[in-house]
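In each ligand, atom 1 is the first atom listed, and ligand 1 is the first ligand listed. All values below were derived from every heavy atom in this structure, side-chain atoms included, with hydrogens, water molecules and symmetry-related copies excluded.
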Amino acid sequence: MPSLARVSLARMWRRSIQARVVTSTILLSALVVALTGWALLRDVAGGLADDRRTAAISEARSGFDYAQTQLDVSLETEPATQAQTLTQMVDSLTRSRGATRTYELVLEGPLGSSDGQVPVRSSAAIAPGSLPEDLAKAVRSGPGTYWRYSDLSLLGSSDVEPAVVVGSQLRAPGSGDTYALFYLFSLEDQQETLDLVRRALLVGGLAMVLMVGGVAWLVSRQVLDPVRLARRIAERYASGNLEQRMHVSGEDDIARLSTSFNQMAASLQSQIRRLENLSRVQQRFVSDVSHELRTPLTTVHMASEVIFSSRDQMDPQTARSAELLKRELDRFESLLSDLLDLSRFDAGAAELELDPVDFAQVARQAADDPALARAGIKVRLIGTDRPAVVEADVRRVDRIIRNLLANAAKYSGSDLIEIEVAQNDDAVSIAVRDFGVGLSGEESVRVFDRFWRADPARTQGGTGLGLAISREDAALHGGTLQAWGRPGEGSEFILTIPKPGGSARNAPLGSVYA
Ligand code: ADP
């Protein structure tokens with residue numbers, strides 16, 4: 001499921017301006033807060049450490065002075081007495097730190113003893129490593145006061161405290177011995193103060209980021225709510241509810257947007273109404289003209305039949321005129337009936353009579369048309385040995401297939417036509433292929449335009465409306481009729497009718513040219 005969550009998150013990111021505004025505000029403010037906090041902490045830590053170091057150095061200096069005075073007055077050269085003096089000195093320096101333990105002491109020396117072993121006295125069991133090596137070396141090598149930051153830990157304890165170590169060399173004038181005295185001041189108090197500041201900054205920063213996020217959410221909502229409302233109204237408008245208008249309140253940008261939207265909607269509505277009226281008048285006109293022409297045409301047609309049937313008694317020129325008259329009247333009649341069909345589609349008055357239709361059987365019957373055999377055309381059937389049943393209007397499906405076959409016979413010049421039937425869970429498809437003049441990419445789109453013909457000179461009595469009607473028939477079923485082809489190779493028309501609950505988009509047949 002994590003991929004599902006990722007997909008819905010990505011979708012939310014793409015679709016919601018509010019999510020993007022709030023997230024980027026939170027991220028940016030978190031970055032600013034983190035940077036400010038980091039700089040503040042660095043300053044505070046530096047300040048605390050500096051103060052403590054200055055105080056530590058001056059405290060250590062007075063300690064060094066005291067110890068040096070002690071050594072100056074003890075002129076003893078006797079090692080045992082001197083050792084005693086040193087121990088007393090460390091004790092008294094340790095005592096002077098008061099009740100609270102603020103520092104530890106380490107006294108090394110006398111330095112440079114002959115056996116290499118330097119005696120060490122200290123106020124506590126300080127772990128090796130607490131004294132930085134380079135500081136110890138600097139102190140041992142000569143006079144002067146040196147300091148370093150270090151980590152102080154006692155033997156037997158796992159606690160490690162930050163510390164500042166100050167060291168200086170002492171000299172006993174009596175014996176000429178040198179000593180290294182180190183003060184290790186704990187920085188734990190400063191560390192605690194710093195932790196406190198860090199916690200306060202963290203909590204404050206988090207609260208601030210959340211607050212800024214909340215403010216961004218509120219502000220973006222204020223701006224986006226009217227935009228969302230406008231979107232919903234525009235959607236309803238687009239789906240045909242032309243009365244939809246936005247509510248205008250106040251004079252701000254949103255109010256002005258609503259006013260402009262309403263003006264646009266009103267102007268579009270009046271244009272659409274005007275065009276609808278115009279188109280209704282046109283449809284009515286076409287339908288009325290076709291109806292009105294029908295009756296006189298039938299009479300003229302019947303008269304022409306009479307003339308045509310007695311053409312044997314006419315001189316050749318008149319007989320030819322009689323043939324022409326009949327052919328053109330036939331064409332006129334089919335044009336009128338096509339126009340009537342189309343005006344019914346345009347008026348939304350075309351109706352479906354649904355029954356289970358076996359496409360395999362429709363294909364077999366259409367292929368049996370004696371006109372095809374007469375024209376010397378062979379029909380190859382594929383997939384018609386199994387039934388492929390779908391709910392459809394058999395009259396319309398049959399009309400489509402016969403039109404496709406007639407077109408292939410009339411226009412392609414091919415003596416072989418292939419019909420293939422296939423089905424899947426979604427739909428049933430039937431393809432009609434020829435191997436003649438073919439169609440170019442542009443032609444295969446335009447063949448469905450009303451009155452369009454590839455080459456008017458090639459037209460053999462067609463009206464240019466056959467495929468337009470076929471496509472309307474297919475659409476009435478929720479299906480599709482598409483054309484493909486390649487000039488000089490042939491063309492292919494595929495009709496797809498969806499099964500109940502299926503979609504014509506998932507057609508069982510794809511074009512050989514696609
Ligand atoms: P028509 O009534 O003229 O047959 P159609 O709409 O059926 O009208 O066809 C439109 C045009 O498409 C035809 O005039 C023809 O030029 C072209 N056409 C249709 N089918 C084919 C085909 N199988 N091969 C080549 N051209 C075709």
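A salt bridge between Asp252 and Arg256 is absent, with no side-chain N of the basic residue lying under 4.0 Å from a carboxylate O of the acidic one. Taking the charged nitrogens against the carboxylate oxygens, Glu305 and Lys326 do have a contact shorter than 4.0 Å, which makes a salt bridge. A salt bridge does not link Glu443 to Arg446: none of the charged nitrogens lies less than 4.0 Å from a carboxylate oxygen. Salt bridge Arg320/Glu323: present, at least one basic N to carboxylate O contact under 4.0 Å.
Where the criterion is an N or O separation shorter than 3.5 Å, residue side chain and backbone included, Arg453 fails it with respect to ligand 1. Taking distance alone, with nitrogen or oxygen atoms compared against 3.5 Å, Thr463 approaches ligand 1 more closely than that limit. Where the criterion is an N or O separation shorter than 3.5 Å, residue side chain and backbone included, Leu439 fails it with respect to ligand 1. Among the atoms of Leu467, some N or O lies under 3.5 angstrom from an N or O of ligand 1.
Neither the backbone nor the side chain of Glu443 has any atom closer than 4.0 Å to an atom of ligand 1 (non-hydrogen atoms only). Residue contacts with ligand 1, taken as heavy atom pairs separated by less than 4.0 Å, do not involve Leu404 at all.
With values rounded to the nearest 0.5 angstrom, Arg294 atom CZ is found 6.5 Å from Ser337 atom OG.
Close approach to Gly464 involves these atoms of ligand 1, each under 4.0 Å from a residue heavy atom: 1 (P), 2 (O), 3 (O), 6 (O), 8 (O). Residue-ligand proximity, Ser491 to ligand 1, at heavy-atom distances under 4.0 Å covers atoms 22 (C), 23 (N), 24 (N). For ligand 1 and Lys410, the ligand atoms under 4.0 Å from any heavy atom of the residue are 4 (O). Taking every heavy atom of Trp452 and a limit of under 4.0 angstrom, the matching atoms of ligand 1 come to 10 (C), 11 (C), 12 (O).
For Arg42 and Trp38, the positive end sits near the middle of the six-membered ring, less than 6.0 Å away and at most 45° from its axis. Judged by a 6.0 Å distance limit and a 45° cone about the ring axis, Arg486 is not positioned over the six-membered ring of Tyr513.
Looking at Phe332 and His301, their side chains never come closer than 4.5 Å, going by heavy atoms from C-beta outward.
The shell of residues lying under 4.0 angstrom from ligand 1, judged by heavy atoms, excludes Arg446.
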